[in-house]
Amino acid sequence: MDKIKASEVFVTIVKQGSMIKAADYLGMSRAMVTRYLNEMEEWAGVRLLHRTTRKQSLTSVGEMVYEQSLQLLEMAERIPANIPKERHQISGLVRITSSQSLANSILSVAICEFMQRYPLIAVDLQITNQTVNLVEERIDIALRITNHLEPNLIARSLATCLSVVCAHKDYLAKKGIPQTPDELAQHQCLTYRFFGRSLWEFNLGDERYSVPVGGNLSANESVVLLQATLKGAGISLQPYYSAKPYLDNGDLEQVLSDYQAQPMGIYAVLASRQNMPAAVRALLDFLVEWFSSSPYWFALSGKSLSESFGVI
């Protein structure tokens, strides 16, 4: 781990009086601050801080390390940064993680466009539907679709993810077409992540609906549920970007089109904003720009749906 960065974090903890305040000051997650402090104490071989729930203070060795850290940071400031300014000069490895559906439908295109713009930057894309620990897994950017970000996370909003309720025509011919959200209780609903019953939430004007649904199949990845829906296994709630090609070609039919499924945010989650490597900054800025201007994303985002429902 970078000893200069660890020293900066340690000095900030001392100056701010707590690790929580240091994390806020540095724009860094609390987990990352804790890791840097642990590394400092491992290097020193002893505890550097006395910590209780109410206060902290330097140990005798901590006082010496604090003074040495100040000197190290002062020396580091005198070394000029040599960061490439031109796009084609930026290099490095960026590790990102994403769900399978987002990677298949969106990132497979966005990342290729990014690499054309930044040919010296390598991207390691890890596909998982689990919420990973960015610090432990050494992830630079995690792409997440959610409305419930943990409060200590550092996140950049990228876009809105709309969802649609859909089914294969053969299933609807056999089981009928639900006309209201409550009628979903009579159907095989392919649910996401949890076995048993889950809630699908809808808006119709000012009305809000939370409908418990269930069925014989549940999965922790929407791509599996999409394939099952195409086989006529039931009704599923899908990201619009995944379902749109099948809605367009007639393989799937939208159900409850008058009702707006609850939109979710697409976020880029970071371990820290502080001293971000140029390659990571380049990818983050690119994604912000791409989601706001890409014709490919606009075609899959369901913008016409969002306008009809009054979603910005």
Side-chain angles (χ1 to χ4, degrees), residues 1-13 16 18-40 81 83-84 87 90-103 106-111 113-115 117-118 120-161 264-294 297:
M1 183 172 282
D2 183 353
K3 290 190 176 183
I4 294 178
K5 184 62 181 179
S7 297
E8 179 188 2
V9 173
F10 176 58
V11 167
T12 304
I13 293 172
Q16 293 295 316
S18 75
M19 288 191 287
I20 294 175
K21 291 180 179 179
D24 292 340
Y25 180 85
L26 293 169
M28 184 180 292
S29 68
R30 297 175 190 176
M32 182 65 86
V33 168
T34 300
R35 184 180 178 188
Y36 276 119
L37 178 59
N38 290 341
E39 290 289 341
M40 288 289 290
I83 302 175
R87 176 187 301 169
I90 300 177
S91 63
L93 172 65
V94 183
R95 295 182 176 89
I96 64 177
T97 183
S98 163
S99 67
Q100 184 178 347
S101 69
L102 191 61
I106 306 302
L107 291 183
S108 58
V109 174
I111 295 302
E113 292 182 17
F114 171 77
M115 291 190 298
R117 184 182 297 186
Y118 295 92
L120 297 183
I121 296 179
V123 177
D124 179 11
L125 175 56
Q126 301 182 23
I127 310 301
T128 177
N129 204 49
Q130 301 299 317
T131 300
V132 301
N133 185 306
L134 274 63
V135 176
E136 293 181 358
E137 300 297 329
R138 300 170 62 203
I139 299 297
D140 298 302
I141 301 174
L143 277 296
R144 294 182 185 172
I145 302 176
T146 181
N147 283 335
H148 304 288
L149 282 173
E150 295 88 339
N152 64 324
L153 289 179
I154 299 164
R156 184 81 177 270
S157 177
L158 298 177
T160 298
C161 176
M264 293 190 290
I266 303 177
Y267 297 92
V269 179
L270 312 168
S272 173
R273 290 193 190 97
Q274 195 75 9
N275 294 334
M276 190 182 300
V280 177
R281 167 59 67 184
L283 179 55
L284 177 61
D285 290 345
F286 174 85
L287 289 173
V288 172
E289 174 192 340
W290 191 87
F291 276 100
S292 66
S293 62
S294 168
W297 166 248

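The two residues Leu270 and Leu284 have their closest heavy-atom pair at CD1-CD2, 3.9 Å. The nearest pair of heavy atoms linking Ala279 to Ser91 is CB-O, 3.7 Å. Between Leu125 and Ala103, the shortest heavy-atom distance links the atoms CD2-CB, 4.2 Å. The minimum heavy-atom distance between Ala159 and Phe291, with the atom names listed, is CB-CD2, 3.7 Å. The two residues Ile141 and Ala268 have their closest heavy-atom pair at CG2-CB, 3.8 Å. Across Ala282 and Ile121, no two heavy atoms sit closer than the pair CB-CD1, 4.1 Å.
Of the inter-residue distances, the one linking Gln16 atom CD with Asp24 atom CG reads 9.0 Å to the nearest 0.5 angstrom. Here the OH-CG distance, from Tyr267 to Asn147, works out to 6.5 Å after rounding to the nearest 0.5 Å. Note that the CD atom of Gln100 and the OG1 atom of Thr128 stand 10.5 Å from one another [nearest 0.5 Å]. The structure places CD of Gln126 at 7.5 Å from CZ of Arg95, a figure rounded to the nearest 0.5 Å. Taking CE of Met28 as the start and NZ of Lys5 as the end, the distance is 4.0 Å to the nearest 0.5 Å. Distance check: Ile13 CD1 to Glu8 CD gives 11.0 Å after rounding to the nearest 0.5 Å.
Taking the side chain as every heavy atom from C-beta outward, Leu158 and Leu143 approach each other to under 4.5 Å. Between Lys21 and Val33 there is no side-chain heavy-atom pair separated by less than 4.5 Å.
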Check the pair Leu283, Tyr118 against side chain to side chain contact (heavy atoms under 4.5 Å, CB included), reporting the backbone distance first and the verdict last. CA-CA 9 Å; Leu283 179 55; Tyr118 295 92; over 6 Å; no
Chi angles and distances behind the side chain to side chain contact (heavy atoms under 4.5 Å, CB included) call for Ile90, Arg117: CA-CA 10 Å; Ile90 300 177; Arg117 184 182 297 186; over 6 Å; no
Go through it in stages, so that I can follow the logic: the residues are Met115 and Ile111, the test is side chain to side chain contact (heavy atoms under 4.5 Å, CB included), and I'd like the CA-CA distance, side-chain angles, deciding distance and then a yes or no. CA-CA 6 Å; Met115 291 190 298; Ile111 295 302; 4.1 Å; yes
Test log, rule side chain to side chain contact (heavy atoms under 4.5 Å, CB included), inputs Glu137 and Thr97: CA-CA 10 Å; Glu137 300 297 329; Thr97 183; over 6 Å; no
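A donor-acceptor pair under 3.5 Å is absent between the side-chain atoms of Thr12 and the main chain of Ala22, judged by distance alone. Between the side chain of Asp140 and the backbone N or O of Ile96, no donor-acceptor pair lies under 3.5 Å.
By the 30° and 60° cut-offs, the orientation of the rings of Trp297 relative to Trp290 is tilted.
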